Amino acid sequence: MIFEDIVFFIAAIGALAGAAGVVILRNPFYSVLSLVGHLFFLAVLFLLLHAQFLAAAQLIVYAGAVMVLYVFVVAYIGGAEEPLGQNVPGIRPLGVLFAACVLIELCIAVIGSGLKALDTHGAHVDNGFGAPAQIGSLLLNQFLIPFEAASYLLLIAAVGALVLARKRRGFEELTEGGGAA
């Protein structure tokens, strides 16, 4: 039991550090790598919940496929030479205000509901929680539209990144001038 507690705290700290790194790091390549680390630690947390399928899907689908796609897009497009948002007046105080509002909301949610469960054994979970059959049934019976919407959103993001990369690299000028396609 003590081993699970230690692993939980290490994974929780790693997940929080990875999430913070996504926001704090200025280089988009390092932000994506920080997000990969965050997803890895989330997979460890899923393993502690005995949801092996979710942990494997987290690693294979998100950390493996989607994040590698993002790394390629960021490497292909490249980061901006100058930091974003410095020329927009008032954006920094607005960001701080928004972060403070989210922090207050999270504190209210944790204090209001999360502390009640400290001395309990947690929510009752049926056998087979996280099994592929149960997840497939939930996706196809209850969450089909959000699942499909997420698929289209990822497709639109990938196509948008390719359009941006094409404009940034000047490929349109090459094809119009009779150069290489």
Side-chain angles (χ1 to χ4, degrees), residues 1 3-25 28-77 98-99 101-103 105-118 120-166:
M1 193 64 172
F3 176 74
E4 288 183 2
D5 293 341
I6 292 171
V7 171
F8 171 78
F9 282 111
I10 290 172
I13 291 170
L16 289 174
V22 171
V23 178
I24 293 171
L25 295 173
F29 186 76
Y30 293 136
S31 290
V32 171
L33 289 179
S34 180
L35 186 58
V36 170
H38 171 74
L39 293 174
F40 172 77
F41 285 114
L42 282 182
V44 172
L45 290 175
F46 281 134
L47 281 177
L48 289 175
L49 290 172
H50 303 287
Q52 292 86 3
F53 179 76
L54 287 177
Q58 184 82 18
L59 286 178
I60 293 170
V61 175
Y62 291 109
V66 174
M67 288 299 111
V68 168
L69 175 69
Y70 286 164
V71 167
F72 279 127
V73 168
V74 168
Y76 186 69
I77 293 176
F98 180 74
C101 290
V102 170
L103 180 66
E105 182 179 340
L106 285 175
C107 288
I108 290 171
V110 168
I111 291 171
S113 63
L115 295 180
K116 294 176 185 174
L118 281 180
T120 65
H121 295 288
H124 175 69
V125 178
D126 295 331
N127 287 339
F129 173 74
Q134 188 179 26
I135 292 172
S137 175
L138 282 174
L139 284 178
L140 295 178
N141 293 329
Q142 294 183 6
F143 300 106
L144 180 63
I145 293 176
F147 179 70
E148 290 297 325
S151 302
Y152 284 116
L153 186 64
L154 288 173
L155 177 66
I156 291 169
V159 171
L162 288 176
V163 169
L164 287 174
R166 185 181 172 133

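What you see is a predicted model; the values in this text were computed from it and never measured. Note that these values count all heavy atoms, side chains included, but never hydrogens, waters or copies made by symmetry.
Note: L106 CG to I111 CD1 = 11.0 Å, rounded to the nearest 0.5 Å. Between atom NE2 of residue H38 and atom CG of residue L42 there is a gap of 4.0 Å, rounded to the nearest 0.5 Å. Rounding to the nearest 0.5 Å places CG of L139 at 5.5 Å from CZ of F147. Rounding to the nearest 0.5 Å places CG of L103 at 12.0 Å from CZ of F98. Atoms CG and CG, on L35 and L25 in that order, are 11.0 Å from each other to the nearest 0.5 Å. A distance of 9.5 Å separates CZ of F46 from CG of L39, quoted to the nearest 0.5 Å.
Across every non-hydrogen atom of V22 and S34, the tightest pair is N-OG, 3.4 Å.
Remark: I145 CD1 is loosely packed, at most 12 non-hydrogen atoms of other residues, nucleotides or ligands lying under 6.0 Å away.
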